[in-house]
Each structure stands twice: as structure tokens, then as C-alpha cells.
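Here's the structure we're looking at; comments come further down.
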Number of protein chains: 2
Amino acid sequence: MGFAARTPQLEEILSQLEQSDALEELQDVIEKLRDCFGVDHMVYHWVSSTGEQYGCGTYSPEWVQRYLDQGYLRIDPVVLGCFQRFHPVDWKRLDWSSRAARAFQKEALDYGVGNQGLSIPIRGPNGQFALYTLSHNCSDREWAEFTERHRRELILVAHYFNQKALEFEPGRVPEQGQALSPREVEAMTLIAVGYNRAQAAESLSISEHTLRVYIESARFKLGAMNTTHAVAKALSRGLIVV
Amino acid sequence: MGFAARTPQLEEILSQLEQSDALEELQDVIEKLRDCFGVDHMVYHWVSSTGEQYGCGTYSPEWVQRYLDQGYLRIDPVVLGCFQRFHPVDWKRLDWSSRAARAFQKEALDYGVGNQGLSIPIRGPNGQFALYTLSHNCSDREWAEFTERHRRELILVAHYFNQKALEFEPGRVPEQGQALSPREVEAMTLIAVGYNRAQAAESLSISEHTLRVYIESARFKLGAMNTTHAVAKALSRGLIVV
DNA sequence: CACAGCCTCACCGTTTTTGGGGAGTTGGAA
DNA sequence: TTCCAACTCCCCAAAAACGGTGAGGCTGTG
């Protein structure tokens with residue numbers, strides 16, 4: 001096996017993916033990808049920063065609806081397991097022991113989901129989390145061979161797919177206020193790591209009153225209602241790093 | 001260009017990476033990778049959820065020491081910029097406008113860091129964040145060509161490298177498992193967006209006392225010293241999103 | 001069934017933070 | 001030079017958060 005297989009067809013699909021400029025097009029792309037890889041199902045499932053879900057893929061609409069209605073997101077072992085992991089996860093290696101999980105599994109099979117599956121967790125900025133999933137009906141051995149053979153391509157596809165999805169994320173307007181001054185950054189950082197004002201001030205070798213001015217100033221610049229809010233905003237915007 | 005270039009040499013290095021079973025070996029691997037890609041520097045830099053840093057790479061020890069001593073992590077535009085993005089980032093596209101950033105940049109050059117750079121952000125479970133960086137001295141055109149040619153391989157290498165690093169993560173066991181309950185997440189989220197306890201409680205239609213219990217519980221679970229700290233930790237670990 | 005974890009409510013006093021003032025220095029930019 | 005932004009320091013009173021303790025109902029798992 002080469003570093004990653006050369007597949008003109010996949011190349012072409014990825015090209016389409018990169019050039020697509022609407023969310024709807026992703027559905028088309030994922031169907032082509034499914035056919036290209038020759039699996040029963042392929043799904044991209046995105047849990048946005050606000051908790052909304054977006055997905056495209058080849059599961060039956062009934063299953064998708066059922067999944068959403070029942071809030072299966074919170075009990076699906078695939079989601080729960082992938083959330084804790086980094087690398088592609090074979091469904092067999094997940095924890096299906098709980099009663100709810102087994103019921104879910106059975107129901108999924110009834111709705112046409114394959115007995116085999118591979119899910120790749122993807123994480124973006126601001127807590128974005130997505131899953132790129134392949135599912136198929138076949139023997140363990142066949143599935144192991146398939147996943148081994150295409151592992152690298154799939155990781156890349158997942159990456160590119162998510163990159164595109166991120167472009168379409170609504171309301172990701174970079175709310176650029178002004179940056180914080182160096183001292184403000186230091187002060188905010190110390191507060192963010194749990195110091196109270198007295199400790200932070202001592203750590204910076206300044207008076208607590210001065211430190212307070214920085215925090216207030218940062219709060220003002222960030223348009224925050226209180227210190228905690230300011231820290232949260234600063235973290236979200238990457239102005240400080242903890 | 002194929003889907004990803006076939007390179008036996010890279011293949012071999014990745015093999016070594018996958019089989020390595022000690023952190024020290026990663027240093028060897030990254031040097032080989034640097035030579036394989038023919039760039040001046042290659043660095044893997046990991047910021048754990050607890051704020052500790054680990055890195056391996058080919059920067060001079062003096063620069064690494066300087067970086068750590070000065071806490072450059074918090075002002076490095078590469079880190080700050082990559083934190084907001086998903087795809088590989090060319091250093092030229094970052095914001096170097098602040099005074100601190102320019103001083104940092106100048107100093108980095110003095111310490112042997114290249115004038116060109118490409119950094120790939122990587123995110124793991126529990127708010128893990130890492131950077132896989134290549135740096136080189138060459139013209140803009142050469143660099144653009146290089147990054148275009150190797151983009152896909154580099155994404156994969158970054159993925160594999162991080163996967164290995166995660167295996168070695170110290171203290172991974174104690175950190176995990178302390179997920180917040182749904183109510184705690186709601187409470188923390190409201191606090192994070194600037195509500196005070198009364199407002200948050202009203203928003204959840206519960207008494208302020210109850211809300212307080214959630215916050216305290218979350219604080220305890222997260223090992224935080226105060227509410228602000230807890231919010232920062234929850235954000236860093238991706239337990240809540242604003 | 002028992003136990004654990006989650007959700008809900010309450011009171012107490014203490015500590016910390018907040019929000020409003022005012023005021024002096026420095027160093028870089030216009 | 002003049003000006004502004006950043007940095008430093010101080011007081012006070014009101015508001016908010018904290019910490020501890022206690023207690024009942026509900027659900028799901030072993």
C-alpha cells in the first residue's frame with residue numbers, strides 16, 4: 001500500500017468538493033464518495049457550536065428523523081466514543097454494553113444501518129465537532145481489510161469535508177473588537193487560570209487596584225458584562241490561551 | 001499531482017512513528033521527517049488541556065527555552081491564529097500587526113526560525129490542541145509551491161503524529177471522565193455568556209440556589225478554584241461552547 | 001433492591017468583586 | 001511638541017459570589 005492510493009476518481013470528487021459553494025452540494029458529493037468507496041452508507045454529521053446538528057449522508061430519512069426526534073445524539077455510542085478519541089474508530093471497538101446502547105444498535109440495524117462502521121472524529125475551532133462515518137454490511141475480516149486499505153484517504157476526506165462545512169457555518173462572523181494590551185492579556189490569563197485578583201496582582205507585581213483597571217479595561221474592550229464573561233470571550237476569540 | 005504522493009521514504013518514517021513506544025523517539029522521527037521534506041525546521045508543539053506544553057522539533061534549544069521562559073505561547077501569532085482556524089495556515093496569512101507580534105517575529109528570525117512557515121492545527125479530545133509546523137527560508141513562490149505540493153501528506157503526518165503523542169499523554173486518565181451533567185452544562189454556558197446567577201437561574205426557570213449547586217458541582221468536577229476558572233476550563237476542554 | 005448520580009430547594013455569614021470616583025508617570029505616534 | 005494610550009496607584013460603598021450544611025424526589029445501573 002502506498003502512502004495513499006492514487007485514485008483519479010476520488011481526486012475528481014474532492015475537486016468538486018473544494019469547488020462547491022453551497023451546503024446542498026455536499027449531499028451530492030457524499031453520495032459520490034460512497035459509491036467511490038463502495039460502501040452502503042456514508043454520513044457527515046456536524047454538531048455545531050450552538051448544539052444544533054447538521055448532517056448529510058445516505059441514511060434513510062426515517063432513521064435520521066428518528067435519530068433527531070429521540071435525541072439519540074446523547075446515547076449513540078459512536079458519538080460518545082468518538083468524542084473521547086482522536087483516531088478513526090471502528091464501531092466494534094466501542095462500548096455497546098449499556099442497555100440503551102444495545103437497543104439503539106438494534107434499532108439502527110432495523111433502519112438499514114450497516115453492521116460494520118468506521119467513524120472519524122473531527123474537531124474544529126470553537127468546540128466544533130463532527131463525525132465522518134462509513135457503514136457497511138459485511139464480515140469483520142472484509143471490513144478490517146477495507147478500513148486498513150483506505151484509512152489514510154478517509155482521514156483526508158474527512159478533513160476536506162469538514163473544511164468545506166466550516167466555510168458554510170452560519171453566524172461565524174469574526175467579531176473583531178480591539179485587541180487587548182499586553183498587560184491586559186497577562187491579567188486576563190491569570191484570572192482565567194483561577195487566580196483571584198489579589199493573587200494575580202501579586203503574580204504581576206502590581207497592586208490589586210491596578211490589576212483591577214486591566215480587567216475592567218479588558219471587560220470594556222470585549223463588551224463583556226462581567227469578568228467571567230470577559231474571560232470566556234477572550235478565550236473564544238483566542239486572545240488569551242490557557 | 002496524485003491524491004497524495006507515493007513516497008516510500010515517507011512511508012518508512014511513518015512506519016517508525018507508528019511503532020515508536022516512547023516520547024523520545026518522536027524527536028528522531030521528526031528530524032527524519034524534516035530531512036524527508038527538505039525543510040529547515042519541523043516542530044510538533046502540544047498544549048495540553050491543563051496548560052502544560054510539550055514539543056519536539058528542530059528549533060535550536062535556545063529558542064525553545066526562550067519561547068518557554070518568555071511565555072511566547074500567549075503572544076505567538078502562529079498559535080493564536082491557528083487556534084481560530086481549521087486548515088493549514090501559512091504564516092504570511094496571520095496577523096503580525098501588533099507590536100509584540102513584530103518583536104516576536106524579529107526575535108524568532110534571529111534565533112534561526114525560517115521566514116516562511118506553515119502550521120497545521122490539530123485538535124484532540126478534552127480540548128487538546130497541538131501544532132505541527134514547518135519552517136523554511138525561501139521565497140514566497142517557492143514556499144507556495146512546496147506547501148501546495150505537500151499539503152495532503154502534511155495533514156496526514158500531522159494526524160499521525162498527534163495520534164502518537166496522545167498515546168503518550170501523561171495524566172490522561174485523571175482528566176477524563178469528569179463530564180458535566182446536562183444541567184451543569186446549561187448553567188455554565190449561561191454564566192459564560194455573561195449572565196449572573198440570578199439571570200441564569202431565571203433563564204433556566206430554577207431557583208438561584210439550585211443554579212448555584214450546579215456551578216459549584218461543575219467547579220468541583222473541573223477542579224477549578226472559582227467560577228471564572230471553571231468556565232475557562234470548561235471552555236478549554238470543549239465541555240461548553242459560547 | 002440498594003446505591004449512585006442528578007435535579008431541586010433553603011439559610012447562614014464571610015469574602016470577593018464591582019462600579020463609581022480621581023491622579024500621576026511613561027513612551028511612542030502625529 | 002503635543003497627545004494619546006498604556007501603566008501605575010488609591011478610596012469607598014453596594015452588589016455579587018462563596019462556602020458550608022442540610023434535605024427530598026427521581027432515574028438508571030449493578
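Residue numbers start from 1 in every chain, and the chains themselves are labelled A, B, ... in the order their sequence lines are given, proteins ahead of strands.
Side-chain contact check for A:Trp143 and A:Asp90: at least one donor-acceptor pair (N or O, by modelled atom type) lies under 3.5 Å. Side-chain contact check for A:Asn137 and A:Gln116: no donor-acceptor pair (N or O, by modelled atom type) lies under 3.5 Å.
The nearest whole Å value for the distance from the CG atom in B:Leu204 to the C1' atom in C:dC7 is 12 Å. Atom pair B:His209:NE2 and D:dA17:P shows a separation of 12 Å (rounding to whole Å applied). Rounding to whole angstrom units, CD of residue B:Glu186 and C1' of C:dC7 are separated by 11 Å. Distance CD (B:Glu216) to C1' (C:dC6): 15 Å, rounded to an integer number of Å. One can place CD1 of B:Ile206 at 15 Å from P of C:dC6, the figure rounded to the nearest angstrom. Look at CD1 on A:Ile215: it is 14 Å from C1' on D:dC7, rounded to the nearest Å. Put simply, CZ on A:Arg212 is 12 Å from C1' on D:dA14, counting in whole angstrom units. Straight-line distance from the CZ atom of B:Arg183 to the C1' atom of D:dC26: 14 Å, rounded to whole Å.
Looking at which nucleotide of DNA chain C each of B:Val213 and A:Met225 is closest to, the 5′-most match is held by B:Val213. Nearest-nucleotide positions on DNA chain D place B:Asn196 closer to the 5' end than the other of B:Asn196 and A:Arg99. Two residues, A:Ser98 and A:Glu208, neighbour DNA chain D, and the one matched to the more 5' nucleotide by heavy-atom proximity is A:Glu208.
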Q. Yes or no on salt bridge (charged side-chain N to carboxylate O under 4.0 Å, His left out) for A:Arg141 and A:Glu145, after CA distance, side-chain angles and deciding distance?
A. CA-CA 6 Å; A:Arg141 220 196 74 248; A:Glu145 270 175 25; 3.5 Å; yes
Q | Check against salt bridge (charged side-chain N to carboxylate O under 4.0 Å, His left out), B:Arg74 and A:Glu186 | A | CA-CA 9 Å; B:Arg74 311 196 183 286; A:Glu186 290 182 278; over 6 Å; no
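OP1 or OP2 of D:dC7 has at least one side-chain nitrogen or oxygen of A:Ser181 nearer than 4.0 Å. Distances shown here put every side-chain N or O of B:Thr227 at or beyond 4.0 Å from the OP1 or OP2 atom of D:dA17. Side-chain N/O atoms of A:Lys221 include one lying less than 4.0 angstrom from OP1 or OP2 on D:dA6. For the pair B:Thr210 and C:dC9, the criterion of a side-chain N or O lying under 4.0 Å from OP1 or OP2 is met. Contact between the side-chain N/O atoms of B:Arg219 and the OP1/OP2 oxygens of D:dA17 is not found at any separation under 4.0 Å.
Remark: the backbone N or O of A:Glu142 is not paired with any side-chain donor or acceptor of A:His136 at under 3.5 angstrom.
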